> 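Handing you this structure, nothing more for now.
The shown structure was predicted, so the numbers you read here are calculated from the model rather than taken from an experiment. The figures here come from the full heavy-atom set of this structure, side chains too, leaving out hydrogens, waters and symmetry mates.
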Amino acid sequence: MARSGLYKSDIQKARDALISQGTNPSVDAVRVALGNTGSKTTIHKYLKELEAEDGGAGGKRSSISETLQDLVERLAARLEDEAQERIAAARATSDATAAEHAALLQAAQNDNALQRARVLELETALQEQAEALVASRSDHQRESTMRQVAEQQVADLQQRLAENEAHRQSLEEKHQHARQSLEHYRQSVKEQREADIRRHELQVQQVQAELRLAQQAVAVKQDEITRLNQEGAKLVSELSHTKQNLYEQLTQVRKLEQKVDSLQSLQVHASDTERQLASKIVEAELLTEQLNNANDQIAPIKAQVRELELLLAQANAKVQAQEQIGEQLRAYLDKIASTSTAPEVGK
């Protein structure tokens, strides 16, 4: 490349030095003397000017060989200048290409750094998601255990409920049997009482036939005996009144004493019947109370069963939600894995 600031005086000094050394001051020799700097065209131009100023080197004509040499040197100088220009253009193009490659390399390095940072973030997120997945699986296992325990508790409570229901049905059957027995007893008592009443009416009629004087007293007694069917509790007073009336007529009707004894035995039998009826009523009330207590015991168990069923439904809903989250998490991890694999394949 030509040296900046190359003057004609520099060319003249180099030429004079070569001439003093006995060397032909050609373009190449002058350029070497100048330190291999300067354009050969410029050096050739200045040499021609110096030769013209010197009058053609003392007025002598140049020989043909010198002329040819000079032509060759000028052609060589032009060729070198063109080569230098092409080299400069090629170097500029190469520098531009290198700069573009450097920019592309820098962009690729920046993109690589971003991708590495993204991969690091994805690895961190993947690790966090993996930990969350482990925690979710642990929660799922715990929920499964709790659900199994709850199901076992529900099964136990349902078994207890079935047992209590069976016990309740047994109590209801016993209560029904007691009611039937009581009804049967009432019916038998009623039939017995009606038979006693009919028998008593027959006896009263016989007494009326025998004791005309005691017809009024016997009629009162018949009315009292008829009311005995509706008012069993008044039987004692009615019998006492009948006995008093009969004793008042004792002087007239001695045979009435046997009938009074019969009435007394009837009174005792009625009293026994009333005591048995009261006992049956007490027993029925006791069975009813036991049935109510059993229903009271079953009520909180049923409430607890409903509560456990609600907890079981909530646990199942939570497990399903966690399973959906696990599926979404696995799909997200697969998507992250495919996204992380894509830049590696592009590289």
Side-chain angles (χ1 to χ4, degrees), residues 156-209 214-247 255-306:
D156 295 339
L157 289 175
Q158 288 178 350
Q159 184 179 1
R160 291 178 58 188
L161 181 62
E163 293 176 356
N164 289 327
E165 183 67 19
H167 182 65
R168 185 182 66 82
Q169 291 178 358
S170 177
L171 291 176
E172 287 181 354
E173 292 177 357
K174 290 181 179 179
H175 184 66
Q176 185 67 24
H177 292 162
R179 287 180 179 177
Q180 293 176 356
S181 299
L182 180 61
E183 185 66 23
H184 180 70
Y185 177 75
R186 287 178 177 176
Q187 185 66 26
S188 62
V189 170
K190 182 178 180 181
E191 292 176 356
Q192 181 68 30
R193 184 175 297 176
E194 289 177 354
D196 293 339
I197 290 172
R198 288 194 297 270
R199 186 170 55 255
H200 181 69
E201 288 178 352
L202 180 60
Q203 293 175 355
V204 169
Q205 289 176 1
Q206 292 176 355
V207 171
Q208 287 178 347
Q215 290 180 352
Q216 184 177 359
V218 171
V220 173
K221 184 61 180 177
Q222 287 179 348
D223 293 335
E224 292 177 355
I225 293 173
T226 302
R227 287 193 300 271
L228 183 64
N229 188 27
Q230 299 176 353
E231 299 176 357
K234 296 180 180 180
L235 182 61
V236 176
S237 61
E238 292 176 355
L239 292 175
S240 299
H241 181 70
T242 301
K243 184 179 179 180
Q244 182 178 1
N245 291 332
L246 291 175
Y247 277 114
K255 294 182 179 180
L256 191 60
E257 291 179 354
Q258 296 178 354
K259 304 297 181 180
V260 170
D261 293 335
S262 298
L263 291 175
Q264 289 179 352
S265 65
L266 180 62
Q267 179 182 358
V268 172
H269 180 70
S271 299
D272 294 336
T273 302
E274 289 178 356
R275 286 195 296 272
Q276 292 177 0
L277 179 61
S279 176
K280 294 295 183 179
I281 292 173
V282 171
E283 184 178 358
E285 291 177 352
L286 180 60
L287 291 174
T288 303
E289 184 179 359
Q290 291 178 356
L291 179 61
N292 294 329
N293 293 332
N295 290 328
D296 294 337
Q297 292 177 358
I298 291 172
I301 295 175
K302 289 182 177 179
Q304 189 175 5
V305 168
R306 289 194 295 269

> Drop me the distance from His177's NE2 to Glu172's CD, to the nearest 0.5 angstrom.
11.5 Å

> Say you draw a straight line from CG of Leu286 to CD1 of Ile281; how long is it, rounded to the nearest 0.5 Å?
14.0 Å

> From Arg160 CZ over to Glu163 CD, what is the distance, rounded to the nearest 0.5 angstrom?
8.5 Å

> Spell out, as yes or no, whether a donor-acceptor pair under 3.5 Å connects the side chain of Ser170 to the backbone of Ala166.
no

> What distance separates Gln192 CD from Ile197 CD1, expressed to the nearest 0.5 Å?
10.5 Å

> Enter the distance from Asp156:CG to Leu161:CG here, rounded to the nearest 0.5 Å.
12.5 Å

> Under 4.0 Å between a Lys/Arg side-chain N and an Asp/Glu carboxylate O for Asp196 and Arg199?
yes

> Starting from the C-alpha separation in whole Å, work towards a yes-or-no answer on side chain to side chain contact (heavy atoms under 4.5 Å, CB included) for Gln187 and Glu191.
CA-CA 6 Å; Gln187 185 66 26; Glu191 292 176 356; 3.5 Å; yes

> Are Arg179 and Glu183 within salt-bridge range, i.e. N to O under 4.0 Å?
no

> State, with a plain yes or no, whether a side-chain heavy atom of Arg186 is found less than 4.5 Å away from one of Lys190.
no

> Does Arg168 have more than 12 heavy atoms from other residues, nucleotides or ligands lying within 6.0 Å of its CZ?
yes

> Do Gln290 and Lys174 have side chains that get closer than 4.5 Å, going by heavy atoms?
no

